[in-house]
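Remarks on the structure that follows.
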Amino acid sequence: MNFGRLRQLAHLAAGFREFARTPLTRDQAVAIIRRQMAERETSFLENARRLIYDVPSNPYRQLLLWAGCSAGDLEASVRSHGLEKALEQLRDAGVKLSLDEFKSRAPICRRGLTIETRASDFDNPFLGGHRLEGTTSGSRGNSTRVAYDWEFITEESAHELLLYEMHGVLDAPTALWFPVPPGIAGLHNLLMNLKLGRTPAKWFSQTPTDAMTLEARLALRFIGRPRPEFADLAHADQVVAWLASVRPGVVRTFGSSAVRIAQAALETGADVRGSVLFAGGEPLTELRQRFIASAGLKVFPRYVATEAGLVAAACPECSTGEMHFYRDRLAVVEQDGSLLFTALTPHTGKIMLNTELGDCGELTSKPCRCPFGELGFDLHLSHVRSNEKLTIEGMTLLTAELQAVIEAVIGRPDCCQVWQTQDERGLNKLVIAVSPDVPDFEETRFVGAVLDHLRRGRPGSALAADVWQQAGTLQVVREQPQLSGGQKLPALRRNASAGR
Ligand SMILES: [Zn+2]
């Protein structure tokens, strides 16, 4: 840790004291959302000016000017057609970023224009030294650093407050079941709860707490409560025992970990009826929701993206897999099923303008009687799924990245194929088909080598290796990879049978 970082941490510590000293009230929460709804066009234009047009090197600026859209043109378009229409026009003119472009894994190439970018080109320059940095628990390639600031988390807490309230658990004891840092999900959830004056009673961590860096350890000690306790995926019964002791309680966790809680409750016969699980980080399929409900638990999906923060969540009226899109914080338009996001708050860590986060989903407009509906969140997002990455047990990896690791282990290309499947509980497994003509192949050794390879990679992939090993996520079948559609390899084949 260098001096500069120490000084940043000191700033952060001072910011945290102020942040936690003044819990958000319901009136304030509603006021934040109402203001953001009223100002969404103005905020968008202000961000476009300050973060994009005023920064000559900004890639979005170059793209906008390439498309012939000056700051004045943009304002005129938004004022006359509305924000979403203006974004659609930009999208159609080529002003949008694929996930690879946003992650600087590929240059931005349009006709007559090539922009080489670095991941930091998309950072919000106004977060300065007061920001909180973290790595994603999952990962999307070479950029995993994300910054949050206190205003950003305060804005998010407003949505969380209403969410707790509408599910009737505003005062219920709450536990987190997320990995300790470097994964950001646990810290993010902790801070939002602290802003509401709801200190979680417990923080269970799927990863060992003694593996934390000194910096993370100091930060958690400074925050004070709760102290993370190690409870890996095989010990969901610890979470269940806690839930049974406080019934009804709330657990915030990944979708797959929520399934494990239900499984442990069914196995131990613990009475957890009426408790609520908020599940984010990966899609909550109908199969998973049904399984969790069979243990007497209520489960509601949330959609959170590391770069965008909170995106959507389900109210009690939402049907399975459906969520209210947080229109005050973000705008979304769709292209061939892919979701393109635009950040509206000036406090977001990454600048997003028609930016893909690698997810697909369906958008529908309809009224709802819940507080979100009353505040104007009439856009519903459903069937959200990843189109470029694998998320299993809350750990995200690019399909291409995993493919590369597997091929490196086998030592030759085009001899394997990866797809995702679900077991009878709705838990995702990763099936690796290895061509029968690969010689000297031994399954256990192969899986071990793939995990070791991932561990030597980025912090995100190392974390995924640990969690996937515990979960027995990787399964191997010997079969010929199938080529299709002109792709080199169809990397992901969904809903296939598990084989084996
Ligand atoms: Zn609703």
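We count ligands from 1, going down the list as the structure has it; atoms in each ligand are counted the same way.
- The closest side-chain heavy-atom distance from T207 to L463 is below 4.5 Å.
- Sorted by first then second residue, the ring-ring contact (aromatic ring centres under 6.0 Å, His included) pairs that include residues 20-46, not counting sequence neighbours, number zero.
- A cation-pi arrangement, defined by a distance under 6.0 Å to the six-membered ring centre and an angle within 45 degrees of its axis, is present between R198 and Y164.
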Enumerate donor-acceptor pairs with a distance under 3.5 Å from any side-chain N or O in residues 259-266 to protein atoms, sequence neighbours excluded.
| residue | atom | partner | partner atom | Å |
| --- | --- | --- | --- | --- |
| R260 | NE | E393 | OE1 | 3.2 |
| R260 | NE | E393 | OE2 | 3.4 |
| R260 | NH2 | E393 | OE2 | 2.6 |
| Q263 | OE1 | R425 | NE | 3.4 |
| Q263 | OE1 | R425 | NH1 | 3.2 |
| Q263 | NE2 | E267 | OE2 | 2.7 |

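- Annotation: protein N, O or S atoms under 2.8 Å of the Zn ion (ligand 1) (waters excluded) comprise C315 SG, H324 NE2, C368 SG, C370 SG.
- At least one donor-acceptor pair under 3.5 Å links the side chain of K195 to the backbone N or O of T22.
- Applying the ring-ring contact (aromatic ring centres under 6.0 Å, His included) test to every pair with at least one member in residues 315-342, sequence neighbours left out, gives these pairs: H159-Y326, H324-F372, H324-H380, Y326-F372, Y326-F377.
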